[in-house]
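This report refers to the structure that appears directly beneath it.
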Amino acid sequence: MSDFVLKGGRIVDPASGRDETGDVAISDGVVADSGPVSDATVIDATGMIVAPGFVDMHTHVREPGREDEETVASASAGAAAGGYTAICAMPNTDPVADAASVVEQVWALGREAGLVEVLPAGALSKGLEGRKMADLGEMARSLARVRLFTDDGHGVQDSLFARRAMEYLVTFDAVYAEHCEDAALAAGGQMHECPRSMALGLRGIPSEAEELMAARDIALAKLTGCRLHLLHVSTRGTVELMRRAKDDGVRVTAEATPHHFTLTEEALDEYDPLMKVNPPLREEDDRRAIVEGLADGTIDAIATDHAPHAREEKDQEFTYAPPGMLGLETALALTITQLVEPGHLPLTRAVELLSTAPARILGMDGQGAIRAGAPANLVVLDPGARWTVEPETFQSPSRNTAFAGRELTGRVVHTFFRGRQTVRDGAVLHGALT
Ligand SMILES: [Zn+2]
């Protein structure tokens, strides 16, 4: 394995508080102590940021089941291109990842692709049906060592089921992650409920569909002591619930997606199915609350909710198109363009949101920090580079981005996974790890 020296970059490591110009050496797959590494490939990082590789808590890999939309390998490549060194694979596959055999399959495919660490999430309930508990303990003890459990795509409707799942998960300190959505309130909803949904004649999903379940789960997390993670927070009310819960000492964390801190319901004026997501794009006041929450620590992490869909599915009429959009290859640039450039938060906080915090929530050793002797999971990025989003260049076989043609700031230049270069000058090095 070749060694590297990343020379003269700004080293940003929120885990240690380090923020200084210097060199980072990689030797035998780990961050080297210090001093020159002989025969190393020198990479000029002048003017660039050297940060711990990003960790996405929320990736839909679509394998097994919809390999035409995405595979573990293509999601891994997209992740590496986006500066990630780890992703958490959501369990709503076909079959559902509700047993050890399925999470081990996804985990093994991730190892085979070798571009990022793939940590499968496990379903809370069998078949995501919200009735019978999935094999939680078995998945935690499997080779995949599942640490986050969720029925993402659905909220857990039965409060007693939610309580029992938390009571079980707390015994091995796993995370209960919720897609907060009251199914009865949201039923048939196509977009955020607001004056615009009335004007467009589309059935609305009220903010309360999210907030009621967030409030319930916070109460149950307090009751059981279980670690709770709220997926894709989209409303001001949920941000406020989070703030109060943290003040109360509840063990709760939350994530927000780049599309929720970038777009609002105004994007739906053209009935463009690419703008259809779940939870839906909300109003400007909600978007602003999410930005504030990301800046002040109420929201812990930026997660993509990367959701590939085949062209023929997104080409349907708005009401028939499935919700979701791609996220892995635009997350960093949207973070810099929407949050850092306008001065809402500093770059160090952006790195914390993309890397350090999600690694900590998922309990991933060797991710989210630059530490001598630890696996070299690193990203080198150019924070000032301007580029235009071209979906045809994405690693995913799917193309459903809301940002085609948009000019963004901030680009991933190199990525290293366990000391091996997975991205060089923006290009994914396929097969580098066979
Ligand atoms: Zn979800």
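Every number for a ligand or one of its atoms is a count from 1 in the order of the listing. Side chains are part of it too, since the values below use all heavy atoms of this structure and drop only hydrogens, waters and symmetry mates.
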Output yes when a side-chain donor or acceptor of Thr304 lies under 3.5 Å from a complementary backbone atom of His58, and no otherwise.
yes

Original post:
Counting backbone and side chain alike, does Asp152 bring an N/O/S atom below 2.8 Å of the Zn ion (ligand 1)?
Top reply: yes

Indicate yes or no for a side-chain donor-acceptor contact from Thr337 to the backbone of Ala333 under 3.5 Å, with no hydrogens or angles considered. yes

On a heavy-atom basis, the closest approach of Leu328 and Tyr84 is O-CE1, 3.6 Å

- Item | N/O/S from His232 sitting under 2.8 Å away from the Zn ion (ligand 1) | yes

| said: Regarding Arg371 and Asp365, does a basic nitrogen lie under 4.0 Å from an acidic carboxylate oxygen? | reply: no

Among the N/O/S atoms of His179, the Zn ion (ligand 1) lies closest to ND1

